[in-house]
Amino acid sequence: MRFVKRCGSAVPVKSEAIMFDFKGKVAVVTGSSRGIGRATAEMFARFGARVVVSSRTAEACEDTAKTIRDQGGEALVIPCHIGKKEDLQRLVDKTMSAWGRIDSLICNAAINPVYGPMSDLTDDAFDKIMSTNVRSTLQLCNMVLPGMAERGGGTVVILSSIAGIRGNTVIGAYGISKAAEAALARNLAVEWGPHHIRVNALAPGLVKTDFARALWEDPERLERAEKQTPLRRIGVPDDIAGTALFLASDASAYITGQTIVADGGETIS
Ligand SMILES: NC(=O)c1ccc[n+]([C@@H]2O[C@H](COP(=O)([O-])OP(=O)(O)OC[C@H]3O[C@@H](n4cnc5c(N)ncnc54)[C@H](OP(=O)(O)O)[C@@H]3O)[C@@H](O)[C@H]2O)c1
(Lines give C-alpha, C1' and ligand atoms only; values in the text may rest on other atoms or scores of the structure.)
Protein backbone atom coordinates (compact mmCIF):
# COMPACT_ATOMS: atom_id res chain seq x y z
CA MET A 1 0.00 0.00 0.00
CA ARG A 2 1.16 3.55 -0.78
CA PHE A 3 1.18 6.25 1.94
CA VAL A 4 1.24 10.04 1.57
CA LYS A 5 1.98 12.63 4.25
CA ARG A 6 -1.04 14.81 5.06
CA CYS A 7 -0.88 17.29 7.97
CA GLY A 8 2.03 15.38 9.41
CA SER A 9 0.29 11.95 9.33
CA ALA A 10 0.87 9.05 6.99
CA VAL A 11 -2.43 8.42 5.19
CA PRO A 12 -2.91 5.18 3.22
CA VAL A 13 -3.61 5.74 -0.46
CA LYS A 14 -5.45 3.10 -2.40
CA SER A 15 -5.58 2.99 -6.15
CA GLU A 16 -8.95 3.77 -7.72
CA ALA A 17 -9.41 0.12 -8.69
CA ILE A 18 -8.77 -1.16 -5.16
CA MET A 19 -11.21 1.39 -3.72
CA PHE A 20 -14.05 -0.33 -5.53
CA ASP A 21 -12.73 -3.87 -5.20
CA PHE A 22 -15.13 -6.05 -3.20
CA LYS A 23 -13.29 -9.33 -3.87
CA GLY A 24 -13.41 -11.54 -0.77
CA LYS A 25 -16.12 -9.37 0.76
CA VAL A 26 -19.67 -10.45 1.60
CA ALA A 27 -22.65 -8.15 1.08
CA VAL A 28 -26.15 -8.82 2.40
CA VAL A 29 -28.94 -6.97 0.58
CA THR A 30 -32.48 -7.18 1.98
CA GLY A 31 -35.32 -6.90 -0.53
CA SER A 32 -33.14 -7.85 -3.49
CA SER A 33 -35.59 -9.87 -5.59
CA ARG A 34 -36.40 -6.74 -7.60
CA GLY A 35 -36.12 -2.95 -7.82
CA ILE A 36 -33.30 -1.05 -6.12
CA GLY A 37 -32.26 -4.06 -4.02
CA ARG A 38 -31.83 -6.26 -7.07
CA ALA A 39 -29.78 -3.64 -8.93
CA THR A 40 -27.65 -3.22 -5.79
CA ALA A 41 -27.07 -6.96 -5.35
CA GLU A 42 -26.08 -7.31 -9.00
CA MET A 43 -23.80 -4.26 -8.86
CA PHE A 44 -21.97 -5.50 -5.73
CA ALA A 45 -21.47 -8.88 -7.43
CA ARG A 46 -20.07 -7.19 -10.55
CA PHE A 47 -17.48 -5.52 -8.30
CA GLY A 48 -16.45 -8.87 -6.81
CA ALA A 49 -18.59 -9.28 -3.68
CA ARG A 50 -20.27 -12.53 -2.72
CA VAL A 51 -23.89 -11.47 -2.32
CA VAL A 52 -26.74 -12.71 -0.15
CA VAL A 53 -29.95 -12.18 -2.11
CA SER A 54 -33.00 -11.97 0.12
CA SER A 55 -36.70 -11.17 0.14
CA ARG A 56 -39.83 -12.77 1.62
CA THR A 57 -39.59 -15.88 -0.59
CA ALA A 58 -36.67 -17.81 -2.00
CA GLU A 59 -38.42 -18.29 -5.37
CA ALA A 60 -38.63 -14.51 -5.91
CA CYS A 61 -34.87 -14.23 -5.37
CA GLU A 62 -33.77 -17.00 -7.72
CA ASP A 63 -33.75 -14.80 -10.82
CA THR A 64 -31.44 -12.23 -9.22
CA ALA A 65 -29.14 -15.02 -8.03
CA LYS A 66 -29.13 -16.61 -11.49
CA THR A 67 -28.19 -13.31 -13.14
CA ILE A 68 -25.29 -12.92 -10.70
CA ARG A 69 -24.08 -16.49 -11.25
CA ASP A 70 -24.47 -16.21 -15.05
CA GLN A 71 -22.13 -13.21 -14.90
CA GLY A 72 -19.54 -15.25 -12.97
CA GLY A 73 -20.45 -13.99 -9.48
CA GLU A 74 -21.41 -15.79 -6.29
CA ALA A 75 -24.91 -15.50 -4.83
CA LEU A 76 -26.66 -17.17 -1.93
CA VAL A 77 -30.44 -16.99 -1.56
CA ILE A 78 -31.76 -16.68 2.00
CA PRO A 79 -35.42 -15.73 2.37
CA CYS A 80 -36.20 -13.23 5.15
CA HIS A 81 -39.32 -11.25 6.01
CA ILE A 82 -37.74 -8.20 7.61
CA GLY A 83 -40.75 -7.75 9.92
CA LYS A 84 -39.99 -11.09 11.62
CA LYS A 85 -37.10 -11.06 14.08
CA GLU A 86 -36.53 -14.82 13.78
CA ASP A 87 -36.15 -14.40 10.00
CA LEU A 88 -33.55 -11.66 10.51
CA GLN A 89 -31.59 -13.92 12.85
CA ARG A 90 -31.77 -16.77 10.34
CA LEU A 91 -30.51 -14.44 7.59
CA VAL A 92 -27.46 -13.57 9.69
CA ASP A 93 -26.84 -17.13 10.96
CA LYS A 94 -27.09 -18.72 7.50
CA THR A 95 -24.81 -16.09 5.97
CA MET A 96 -22.26 -16.64 8.73
CA SER A 97 -22.34 -20.42 8.43
CA ALA A 98 -21.97 -20.25 4.63
CA TRP A 99 -19.44 -17.44 4.26
CA GLY A 100 -18.28 -16.57 7.79
CA ARG A 101 -18.45 -12.79 7.45
CA ILE A 102 -20.61 -9.81 6.55
CA ASP A 103 -18.66 -6.79 5.28
CA SER A 104 -21.50 -4.69 3.87
CA LEU A 105 -25.09 -4.68 5.02
CA ILE A 106 -27.63 -2.99 2.77
CA CYS A 107 -30.92 -2.48 4.62
CA ASN A 108 -33.10 -1.94 1.58
CA ALA A 109 -36.47 -3.70 2.06
CA ALA A 110 -39.30 -1.50 3.31
CA ILE A 111 -43.06 -1.25 3.12
CA ASN A 112 -45.55 1.50 2.42
CA PRO A 113 -49.01 -0.07 2.82
CA VAL A 114 -51.13 3.09 3.15
CA TYR A 115 -51.84 6.07 0.94
CA GLY A 116 -53.75 9.11 2.21
CA PRO A 117 -53.78 11.74 4.94
CA MET A 118 -52.31 10.89 8.33
CA SER A 119 -55.62 11.75 9.99
CA ASP A 120 -56.98 8.51 8.46
CA LEU A 121 -54.05 6.38 9.59
CA THR A 122 -54.90 3.58 12.02
CA ASP A 123 -52.66 2.84 15.01
CA ASP A 124 -52.05 -0.62 13.58
CA ALA A 125 -50.91 0.77 10.21
CA PHE A 126 -48.58 3.25 11.92
CA ASP A 127 -47.09 0.51 14.11
CA LYS A 128 -46.63 -1.81 11.14
CA ILE A 129 -44.80 0.82 9.08
CA MET A 130 -42.53 1.81 11.97
CA SER A 131 -41.77 -1.73 13.09
CA THR A 132 -41.12 -3.08 9.57
CA ASN A 133 -39.07 -0.14 8.31
CA VAL A 134 -37.33 1.11 11.46
CA ARG A 135 -37.30 -1.45 14.27
CA SER A 136 -36.29 -4.30 11.95
CA THR A 137 -33.38 -2.25 10.61
CA LEU A 138 -32.14 -1.65 14.14
CA GLN A 139 -32.63 -5.33 15.01
CA LEU A 140 -30.69 -6.45 11.94
CA CYS A 141 -27.86 -3.99 12.64
CA ASN A 142 -27.68 -5.20 16.24
CA MET A 143 -27.31 -8.76 14.95
CA VAL A 144 -24.62 -7.91 12.39
CA LEU A 145 -22.50 -5.05 13.75
CA PRO A 146 -20.83 -6.73 16.76
CA GLY A 147 -19.34 -9.44 14.48
CA MET A 148 -18.41 -6.85 11.88
CA ALA A 149 -16.54 -4.92 14.60
CA GLU A 150 -14.71 -8.08 15.75
CA ARG A 151 -13.51 -8.67 12.18
CA GLY A 152 -12.13 -5.13 11.95
CA GLY A 153 -15.02 -3.11 10.50
CA GLY A 154 -17.44 -2.78 7.62
CA THR A 155 -20.18 -0.65 6.14
CA VAL A 156 -23.94 -0.29 6.43
CA VAL A 157 -26.20 1.49 3.96
CA ILE A 158 -29.79 2.13 5.04
CA LEU A 159 -32.29 3.00 2.32
CA SER A 160 -34.09 6.15 3.42
CA SER A 161 -36.02 8.47 1.05
CA ILE A 162 -36.53 12.12 0.22
CA ALA A 163 -39.98 11.46 1.73
CA GLY A 164 -38.08 11.56 5.02
CA ILE A 165 -36.76 15.03 4.24
CA ARG A 166 -39.89 16.72 2.86
CA GLY A 167 -43.51 16.72 4.02
CA ASN A 168 -46.08 14.79 2.00
CA THR A 169 -49.90 14.73 1.89
CA VAL A 170 -50.28 11.01 1.12
CA ILE A 171 -47.32 9.00 2.43
CA GLY A 172 -46.74 10.79 5.74
CA ALA A 173 -46.14 7.78 8.01
CA TYR A 174 -43.78 6.23 5.47
CA GLY A 175 -41.89 9.55 5.42
CA ILE A 176 -41.65 9.51 9.22
CA SER A 177 -40.19 6.00 9.06
CA LYS A 178 -37.66 7.10 6.43
CA ALA A 179 -36.63 10.13 8.55
CA ALA A 180 -36.22 7.75 11.49
CA GLU A 181 -34.00 5.48 9.37
CA ALA A 182 -31.75 8.47 8.59
CA ALA A 183 -31.59 9.24 12.33
CA LEU A 184 -30.83 5.59 12.99
CA ALA A 185 -27.91 5.74 10.53
CA ARG A 186 -26.54 8.82 12.34
CA ASN A 187 -26.80 7.18 15.72
CA LEU A 188 -25.31 3.86 14.65
CA ALA A 189 -22.48 5.81 13.00
CA VAL A 190 -21.69 7.47 16.33
CA GLU A 191 -21.85 4.22 18.29
CA TRP A 192 -19.89 2.07 15.83
CA GLY A 193 -17.46 4.58 14.27
CA PRO A 194 -14.75 3.75 16.84
CA HIS A 195 -15.03 0.12 15.65
CA HIS A 196 -14.33 1.11 12.01
CA ILE A 197 -17.93 0.66 10.91
CA ARG A 198 -19.43 3.37 8.71
CA VAL A 199 -23.21 3.74 8.55
CA ASN A 200 -24.94 5.99 6.04
CA ALA A 201 -28.48 6.57 4.85
CA LEU A 202 -29.25 6.81 1.13
CA ALA A 203 -32.28 8.89 0.20
CA PRO A 204 -33.54 8.34 -3.36
CA GLY A 205 -36.04 10.53 -5.15
CA LEU A 206 -38.61 8.91 -7.44
CA VAL A 207 -37.18 5.69 -8.89
CA LYS A 208 -38.79 3.51 -11.56
CA THR A 209 -39.67 0.40 -9.51
CA ASP A 210 -42.87 -1.44 -8.54
CA PHE A 211 -42.81 0.37 -5.20
CA ALA A 212 -43.46 3.75 -6.82
CA ARG A 213 -45.43 2.53 -9.84
CA ALA A 214 -48.46 4.73 -9.02
CA LEU A 215 -46.20 7.79 -9.18
CA TRP A 216 -44.63 7.16 -12.60
CA GLU A 217 -47.12 5.03 -14.54
CA ASP A 218 -49.54 7.90 -15.10
CA PRO A 219 -48.00 9.96 -17.99
CA GLU A 220 -49.16 13.30 -16.55
CA ARG A 221 -47.61 12.60 -13.16
CA LEU A 222 -44.43 11.38 -14.80
CA GLU A 223 -44.16 14.54 -16.89
CA ARG A 224 -44.66 16.68 -13.79
CA ALA A 225 -41.98 14.72 -11.91
CA GLU A 226 -39.53 15.03 -14.79
CA LYS A 227 -40.15 18.80 -15.09
CA GLN A 228 -39.50 19.24 -11.35
CA THR A 229 -36.20 17.40 -11.57
CA PRO A 230 -33.14 19.34 -12.82
CA LEU A 231 -31.78 16.22 -14.57
CA ARG A 232 -35.21 15.96 -16.30
CA ARG A 233 -35.71 12.27 -15.61
CA ILE A 234 -36.80 10.04 -12.77
CA GLY A 235 -34.28 7.59 -11.34
CA VAL A 236 -33.59 4.02 -12.38
CA PRO A 237 -32.47 1.33 -9.90
CA ASP A 238 -28.83 1.45 -11.10
CA ASP A 239 -28.64 5.15 -10.13
CA ILE A 240 -29.24 4.15 -6.53
CA ALA A 241 -27.19 0.95 -6.67
CA GLY A 242 -24.14 2.96 -7.77
CA THR A 243 -24.53 5.30 -4.81
CA ALA A 244 -24.93 2.33 -2.43
CA LEU A 245 -21.75 0.80 -3.85
CA PHE A 246 -19.90 4.10 -3.35
CA LEU A 247 -21.09 4.34 0.27
CA ALA A 248 -19.92 0.77 0.94
CA SER A 249 -16.57 1.25 -0.82
CA ASP A 250 -13.28 2.73 0.35
CA ALA A 251 -13.96 5.69 -1.95
CA SER A 252 -16.26 6.99 0.81
CA ALA A 253 -13.87 6.05 3.64
CA TYR A 254 -14.38 9.37 5.47
CA ILE A 255 -18.18 9.58 5.14
CA THR A 256 -20.33 8.30 7.97
CA GLY A 257 -23.66 9.17 9.57
CA GLN A 258 -24.77 11.12 6.50
CA THR A 259 -27.91 11.04 4.43
CA ILE A 260 -26.84 11.07 0.80
CA VAL A 261 -29.62 12.24 -1.50
CA ALA A 262 -29.81 10.70 -4.99
CA ASP A 263 -32.77 12.42 -6.61
CA GLY A 264 -31.62 14.10 -9.84
CA GLY A 265 -31.69 17.39 -7.95
CA GLU A 266 -35.41 17.32 -7.13
CA THR A 267 -35.01 18.53 -3.55
CA ILE A 268 -32.68 21.42 -4.43
CA SER A 269 -34.86 22.95 -7.15
N1 LIG B 1 -38.81 3.46 -5.71
C2 LIG B 1 -38.74 4.67 -5.20
O3 LIG B 1 -39.19 5.67 -5.81
C4 LIG B 1 -38.08 4.87 -3.86
C5 LIG B 1 -37.83 6.18 -3.45
C6 LIG B 1 -37.23 6.41 -2.24
C7 LIG B 1 -36.86 5.34 -1.44
N8 LIG B 1 -37.11 4.07 -1.84
C9 LIG B 1 -36.70 3.00 -0.93
O10 LIG B 1 -35.92 2.05 -1.64
C11 LIG B 1 -36.09 0.76 -1.06
C12 LIG B 1 -36.40 -0.26 -2.14
O13 LIG B 1 -37.56 0.15 -2.83
P14 LIG B 1 -37.89 -0.33 -4.31
O15 LIG B 1 -38.46 0.84 -4.97
O16 LIG B 1 -36.75 -1.02 -4.91
O17 LIG B 1 -39.07 -1.36 -4.01
P18 LIG B 1 -39.61 -2.63 -4.85
O19 LIG B 1 -39.21 -2.56 -6.26
O20 LIG B 1 -41.05 -2.75 -4.49
O21 LIG B 1 -38.82 -3.84 -4.17
C22 LIG B 1 -39.01 -4.11 -2.82
C23 LIG B 1 -38.16 -5.29 -2.43
O24 LIG B 1 -38.37 -5.57 -1.05
C25 LIG B 1 -38.88 -6.90 -0.88
N26 LIG B 1 -39.81 -6.88 0.25
C27 LIG B 1 -41.01 -6.29 0.35
N28 LIG B 1 -41.51 -6.46 1.60
C29 LIG B 1 -40.59 -7.17 2.28
C30 LIG B 1 -40.51 -7.67 3.61
N31 LIG B 1 -41.49 -7.46 4.50
N32 LIG B 1 -39.42 -8.37 3.97
C33 LIG B 1 -38.41 -8.59 3.09
N34 LIG B 1 -38.42 -8.15 1.84
C35 LIG B 1 -39.49 -7.44 1.43
C36 LIG B 1 -39.51 -7.25 -2.22
O37 LIG B 1 -39.46 -8.63 -2.50
P38 LIG B 1 -40.60 -9.72 -2.22
O39 LIG B 1 -41.88 -9.15 -2.69
O40 LIG B 1 -40.08 -10.87 -3.03
O41 LIG B 1 -40.56 -9.97 -0.73
C42 LIG B 1 -38.55 -6.54 -3.18
O43 LIG B 1 -37.39 -7.32 -3.39
C44 LIG B 1 -37.16 0.91 0.02
O45 LIG B 1 -36.52 1.07 1.27
C46 LIG B 1 -37.86 2.21 -0.35
O47 LIG B 1 -38.40 2.86 0.77
C48 LIG B 1 -37.72 3.80 -3.04
**Request:** Check step by step if side-chain contact (heavy atoms from CB on, under 4.5 Å) holds for Val156 and Leu188.
**Result:** CA-CA 9 Å; Val156 180; Leu188 289 168; 5.6 Å; no
* To do: For side-chain contact (heavy atoms from CB on, under 4.5 Å), just list the numbers for Met96 and Met143, CA-CA rounded to whole Å, side-chain angles, deciding distance to a tenth of an Å, and then say yes or no.
  => CA-CA 11 Å; Met96 292 307 293; Met143 291 169 191; over 6 Å; no
Excluding sequence neighbours, so at least two apart, what forms side chain to side chain contact (heavy atoms under 4.5 Å, CB included) with [X]?
X: Ser160; answer: Lys178, Ala182, Ala201, Ala203
X: Gln258; answer: Asn200, Ile255, Ile260
X: Ala163; answer: Ser161, Ile171, Tyr174
X: Ser55; answer: Ser33, Ala60, Cys61

Heavy-atom count check: over 12 atoms from other residues, nucleotides or ligands less than 6.0 Å from [X] [atom1]?
X: His196; atom1: NE2; result: no
X: Glu220; atom1: CD; result: no
X: Lys25; atom1: NZ; result: yes

Residues that Lys66 engages under side chain to side chain donor-acceptor pair (under 3.5 Å), provided they are two or more places apart: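 Checked Lys66 against side chain to side chain donor-acceptor pair (under 3.5 Å); matches are Asp70.
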Using 0.5 Å steps for rounding, measure from the [atom1] atom of [X] to the [atom2] atom of [Y].
X: Ile240; Y: Ile106; atom1: CD1; atom2: CD1; result: 13.0 Å
X: Leu206; Y: Leu215; atom1: CG; atom2: CG; result: 5.5 Å
X: Ile176; Y: Asn133; atom1: CD1; atom2: CG; result: 11.5 Å
X: Arg135; Y: Leu184; atom1: CZ; atom2: CG; result: 13.0 Å
X: Arg34; Y: Phe211; atom1: CZ; atom2: CZ; result: 10.0 Å
X: Asp263; Y: Ile234; atom1: CG; atom2: CD1; result: 12.5 Å

Hey, are the side chains of [X] and [Y] touching, using non-hydrogen atoms and a 4.5 Å cut-off?
X: Leu140; Y: Val92; result: yes
X: Thr209; Y: Pro237; result: yes
X: Ser249; Y: Phe44; result: no
X: Ser54; Y: Val28; result: no
X: Ile68; Y: Glu74; result: no

Go through the structure and list residues passing salt bridge (charged side-chain N to carboxylate O under 4.0 Å, His left out) with [X], not counting sequence neighbours.
X: Arg56; answer: none
X: Arg232; answer: none
X: Arg46; answer: none

For [X] and [Y], which heavy atoms make the closest approach, and how far apart are they?
X: Ile197; Y: Ala149; answer: CD1-N, 3.7 Å
X: Leu105; Y: Cys141; answer: CD2-SG, 4.1 Å
X: Thr256; Y: Ala189; answer: OG1-CB, 3.4 Å
X: Ser32; Y: Thr64; answer: O-OG1, 3.0 Å
X: Asp103; Y: Met148; answer: O-CE, 3.4 Å
X: Phe246; Y: Phe20; answer: CA-CE2, 4.2 Å

Which donor-acceptor pairs under 3.5 Å do the side chains of residues 113-124 make with protein atoms, sequence neighbours left out?
from: Tyr115; atom 1: OH; to: Arg221; atom 2: NH2; distance (Å): 3.2
from: Thr122; atom 1: OG1; to: Ala125; atom 2: N; distance (Å): 3.0

Is [Y] reachable from [X] through a run of I, L, V, M, F, W or Y residues, each pair having side-chain heavy atoms under 4.5 Å apart?
X: Val29; Y: Val144; answer: no
X: Leu202; Y: Val51; answer: yes
X: Ile158; Y: Val134; answer: no
X: Met130; Y: Leu138; answer: no
X: Leu145; Y: Val157; answer: no

List the atom pairs, with distances to 0.1 Å, where a side-chain N or O of residues 82-89 and a protein N or O form a donor-acceptor pair under 3.5 Å, not counting sequence neighbours.
from: Asp87; atom 1: OD2; to: His81; atom 2: N; distance (Å): 2.8
from: Gln89; atom 1: NE2; to: Asp93; atom 2: OD1; distance (Å): 3.0

Is [X] reaching over with its side chain to a backbone N or O of [Y], donor-acceptor style, under 3.5 angstrom?
X: Arg90; Y: Ile78; result: no
X: Thr229; Y: Glu266; result: no
X: Ser97; Y: Lys94; result: yes

Members sharing Ile162's hydrophobic cluster (side chains within less than 4.5 Å):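 Traced through the cluster, Ile162 reaches Ile165, Val261.
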| field | Partners meeting ring pair (Phe, Tyr, Trp, His ring centres under 6.0 Å) with Trp99 (sequence neighbours left out) | value |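 Testing Trp99 for ring pair (Phe, Tyr, Trp, His ring centres under 6.0 Å), a comparison that skips the adjacent residues, returns none.
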Evaluation steps, side-chain contact (heavy atoms from CB on, under 4.5 Å), between Ile102 and Arg151: CA-CA 9 Å; Ile102 298 173; Arg151 288 183 300 277; 4.3 Å; yes
Determine, step by step, whether Thr30 and Leu91 satisfy the side-chain contact (heavy atoms from CB on, under 4.5 Å) criterion, reporting the C-alpha distance in whole Å, the side-chain angles of both residues, the deciding distance to 0.1 Å, and the verdict.
CA-CA 9 Å; Thr30 64; Leu91 175 65; 4.1 Å; yes
Are Asp239 and Arg233 within salt-bridge range, i.e. N to O under 4.0 Å?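 Here Asp239 pairs with Arg233 in a salt bridge, since their nearest N and O are under 4.0 Å apart.
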